[in-house]
2 protein chains.
Amino acid sequence: MPDKKDRFKMLLKEKGLKVTTQRVDILEALELRPDKHLTAEEIYEIVREKNPDIGLATVYRTIQLLAELNLIDKLNLGDGFVRYEIGNMDEEKKAHHHHHLICLGCGNVLTFQGDLLDTLENQIQKTMGFEVVDHEVKMYGYCKDCAAERKKE
Amino acid sequence: MPDKKDRFKMLLKEKGLKVTTQRVDILEALELRPDKHLTAEEIYEIVREKNPDIGLATVYRTIQLLAELNLIDKLNLGDGFVRYEIGNMDEEKKAHHHHHLICLGCGNVLTFQGDLLDTLENQIQKTMGFEVVDHEVKMYGYCKDCAAERKKE
DNA sequence: GTCAATGCAAAATCTTTGCATTTTT
DNA sequence: AAAAATGCAAAGATTTTGCATTGAC
């Protein structure tokens, strides 16, 4: 499988866009942290360690580009920040974003893969004629540790 | 059942807060449009028709208050705007937010009630020990009309 | 060399805050 | 009369944009 970086470079060339250090650095920053959910500012800080001259505007522009190319997903975990993460979909396959479990105790965000939503999607299709293409699920609650902590008290 | 407005007034009094025209007007604006998903600015414009002197800051402050009291839900439908809607939960009952179906064709947002997620929640509980308290589901796709339109072409 | 991308600073959005004044209780 | 809420304008925060310069092809 070609890694995301190669895929990105390919897509750029296909579109007549240029493969710049900044663009590659930004994708790399995200790629190295697959389960982090980074804000634009955080990405900026990370890339700055390697390339101190990069501008925040470039980060925003590249993020937008990556989202359009479906290489990253835009997230809203309810804390008021817009976050991004590397997409985990297999190329042509229907983009099935994973689900997020947000712990109300420690604030950690876990991810969860599962296609149990297919049943739900089918029901929606039948009853409402709505054709589902993609979905996003957030569950709020308490992670194992925090749940245990709460029971003790 | 006491309507939302009375409930709001009660809660305000319980907390030693004051029942002002502005607060009631804002709740009313939301209550009269149960399935709209309004932005702060839109709420401001609506209330301004009745009470032209209201300030945007008051709208923001009241929205925050209503959200804290669980009378309204904060939504993020992926269009970059923060939106609000009247909650539909029955008092003490577990808050079960309804799901949103977002049409990629016409942009309309439909709502969908269903507890098919219970299965998913149970599975998460078993496999990961994560205790789910609340959830939020967004489905992206094409509504009946837009799906038909797309098949024709 | 050409055209796109970058960095910077300024502008545009959206939301919050401080404070004098008004309103509720 | 006391305390809280309001409106306004200013300040914050986040994201976008214009433009001269730089870099990829």
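Letters A, B, ... mirror the listed sequences (proteins, then strands); counts begin at 1.
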Practice task
Please state how far atom NZ in Lys74(B) lies from atom P in dC14(C), giving the value in whole angstrom units.
Solution key: 15 Å
Handout entry: Any side-chain heavy-atom pair of Tyr84(A) and Asp73(A) under 4.5 Å
Key = no
Handout entry: Within-4.5 Å side-chain heavy-atom neighbours: Val137(A) and His100(A)
Key = no
Fill in the blank from the handout: Between Cys103(B) and Tyr142(B) the two heavy atoms that sit nearest each other are SG-CA, 3.9 Å
Exercise for the section: Could you label the plane-to-plane angle of the His99(A) and His135(A) rings as parallel, tilted or perpendicular, counting under 30° as parallel and over 60° as perpendicular? Expected result: tilted
Exercise for the section: Let me know the distance between CG of Leu65(A) and P of dA5(C), rounded to the nearest Å. Expected result: 8 Å
Exercise for the section: Provide the closest heavy-atom pair for Leu71(A) versus Lys4(A) in the form atom of the first, atom of the second, distance. Expected result: CD2-CD, 4.1 Å
Fill in the blank from the handout: Its 5'-most and 3'-most nucleotides having an atom under 4.0 Å from a non-hydrogen atom of chain B, DNA chain D is contacted over dA3(D) to dC8(D)
Problem - 5′-ward residue of the pair Val82(B)/Lys13(B) relative to DNA chain C - result: Val82(B)
Exercise for the section: Please step through salt bridge (Lys or Arg N to Asp or Glu O under 4.0 Å) for the pair Lys144(B) and Glu131(A), ending with a clear verdict. Expected result: CA-CA 7 Å; Lys144(B) 202 171 184 170; Glu131(A) 202 169 284; over 6 Å; no
Completion exercise
Within residues 39-50 of chain B, those residues having any heavy atom closer than 4.0 Å to DNA chain C are none
Practice task
Given side chain to side chain contact (heavy atoms under 4.5 Å, CB included), test Glu85(A) with Leu30(A) step by step and report yes or no.
Solution key: CA-CA 6 Å; Glu85(A) 73 176 358; Leu30(A) 283 154; 5.6 Å; no
Fill in the blank from the handout: From OH of Tyr60(A) across to P of dT6(C) the rounded distance in Å is 16 Å
Handout entry: Validation row: Phe112(B), Leu120(A) side chains within 4.5 angstrom (heavy atoms)
Key = yes
Handout entry: Contact check, side chains of Ile43(A) and Lys36(A), non-hydrogen atoms, under 4.5 Å
Key = no
Problem - Those residues of residues 17-32 of chain B lying under 4.0 Å from DNA chain C by at least one heavy atom - result: Lys18(B), Val19(B), Thr21(B)
Problem - Atom-pair distance (CZ on Arg61(B); C1' on dT23(C)), nearest Å - result: 14 Å
Exercise for the section: Can you see which heavy atom on Phe81(A) is nearest to which on Asn76(A), and at what distance? Expected result: O-OD1, 4.0 Å
Exercise for the section: Kindly indicate whether the side chain of Asp3(B), heavy atoms from C-beta on, has any atom under 4.5 Å from the side chain of Glu31(B). Expected result: yes
Fill in the blank from the handout: When rounded to whole Å, the CG to C1' distance for the pair Asp53(A) and dT6(C) reads 11 Å
Practice task
Provide, to the nearest angstrom, the distance between the CG atom belonging to Asn51(B) and the P atom belonging to dT23(C).
Solution key: 11 Å
